[in-house]
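Remarks on the structure that follows.
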Amino acid sequence: MIPIVTIEGSTASGKSRLAMLLAQRMETEIISADSRQIYKFMDIGTAKPTKEDIRLVKHHIIDIINPDVRYNAGDFAIDAGEAINKIHENKRVPIIVGGTGFYIKTLLEGIFKSPDIPLELRARLEHDAEVLGLDAMHEKLMQIDPDAGRNIYKQDKHRILRALEIFEHTGKPISVHWQEQQIVEKYKPYKILLSDERELIYSRINKRFDEMIAEGLLIEIEALLQMGYSKDDYGLTAVGYREFMPHFYEKAELDECIEKAKQNTRRYAKRQQTWYRRQDFNLILNPKDIDSELIENLFNQINNS
RNA sequence: GGCGAGAUAGCUCAGCAGGUAGAGCAGAGGCCUGAAAAGCCUUGUGUCCCCAGUUCAACUCUGGGUCUCGCCA
């Protein structure tokens, strides 16, 4: 099994700082697990590592695609797997850092092998949902796959249609795919969570967002629009970007956009915290704990485990 | 100073021919198997501004007071 370190935590919890210090001490490389830092041209709003950070420590899975390209957890598991292998071949322990918990979970625990779904099938289900209503779609799911149906809210169109498309395309209920999926035992992770009081995270978010504005977030967004990217491109649905679309498209008040962006970032952090409560970690740290002594202890602990 | 309108949940407001109240937003809790910075679920007790009066019963009616906002001086 390949040893790896993961660092998770909500936005503005100090992940990058810990990762940089630890990576330098371990003389290793960082793999980003962040569903928005994958996009080129989106630097300020996604709080990407600085040029200096990248110069000091090699970062993977950052700036890999344009903002109009879709990416998903399965893609991440493949890309991260490759990066891990490379780093491991050099006898280093990779550090995986990021706030996209689902990506890391997918990497560590695996995900069932889904075929690509034909666009026509997706469009047809989308159309059926429109005509028949979501309740009908959920009932349909309950008939073909009650195990999955029970676990999906009746209004969760996204997951209902996902389960239906998998059944129609593979002839097998999605819950059966889940059962058949084998557990991944490729990695031996040392999992670290950075956690802090909600109020402190919130005030750090608010402050950091003002800093992003000062650093030129608006200019960055304008540049994206000038390059031809629009609010319909997936990258621009990121928090801190989408809230400004009303400003550029309909001349909404800037102050209101900023408040909305802060609020959505806070809600995002809240959802992350909820997610992490359910995950297991080897070590839970407070951002205040990060100092050279801690890094030294971590270094030793990781080497000995 | 005069006239008018208002004062109800953190915010914006609704409501009751008198039977102690409810929406939206905010907030909180939760879910999560190729969209995860996404998507989705649950959740509303507060001196109904204060004092007095009428009444079996007042947030609701009457009188007074305080404050806020308009318009006129």
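A note on names: the letters A, B, ... follow the listed sequences, proteins ahead of strands, and every chain is numbered from 1.
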Counting Watson-Crick and G-U wobble pairs only, both distances under 3.5 Å, name the nucleotide matched with [N], or none.
N: B:G19; answer: B:C56
N: B:C69; answer: B:G4
N: B:A9; answer: none
N: B:C40; answer: B:G30

Under 3.5 Å donor-acceptor pair, A:K270 side-chain atoms to B:G29 base atoms =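 Answer is yes: a donor-acceptor pair is held.
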key: Distance-only donor-acceptor test, A:E109 side-chain atoms vs B:U33 base atoms, 3.5 Å   =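 Answer is no: no donor-acceptor pair is held.
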inquiry  = Would you say the base of B:U33 stacks on A:W178 (centre-to-centre below 5.5 Å, plane angle below 30°)?
reply    =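 By the stated criterion, A:W178 and B:U33 stack.
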query = Would you call B:G34 syn or anti, using the 90° rule around 0?
reply =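 The base of B:G34 is oriented syn (glycosidic angle within 90° of 0).
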request  = Determine the Euclidean distance between corresponding P atoms of B:U42 and B:C32; express it in Å to zero decimal places.
outcome  =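 After rounding to an integer number of Å, I get 16 Å for this pair.
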task = Using the P atoms only, state how far B:U60 lies from B:U20, rounded to an integer number of Å.
result =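 Their P atoms lie roughly 14 Å apart.
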task = Examine A:K262 relative to A:F209 and say whether NZ or CZ is less than 6.0 Å from the centre of the six-membered ring and inside a 45° cone about the ring axis.
result =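 No; the conditions do not both hold, so A:K262 does not lie above the ring face of A:F209.
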task = Tell me whether the guanidinium CZ or amine NZ of A:K231 lies under 6.0 angstrom from the six-membered ring centre of A:Y249 and within 45° of its axis.
result =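 Yes.
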ask   = How many Å lie between CZ on A:F76 and C1' on B:U33, as a whole number?
value =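 Rounding to the nearest Å, CZ of A:F76 and C1' of B:U33 are 15 Å apart.
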query = Any side-chain N or O of A:R159 less than 4.0 Å from the OP1 or OP2 oxygen of B:C32?
reply =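 Answer is no, no contact under 4.0 Å.
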task = Compare side-chain N and O positions of A:Q263 against OP1 and OP2 of B:A26 and report whether any pair is under 4.0 Å apart.
result =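 Checking A:Q263 against B:A26: at least one side-chain N or O falls below 4.0 Å of OP1 or OP2.
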Summary of salt bridge (Lys or Arg N to Asp or Glu O under 4.0 Å) pairs that have at least one residue in residues 62-82 of chain A, sequence neighbours excluded =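 Qualifying pairs: A:K48-A:D63.
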message = For A:H59 and A:E29, which I'm curious about, is there any donor-acceptor pair between the side chains at under 3.5 Å?
response =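 No, no side-chain donor-acceptor contact under 3.5 Å.
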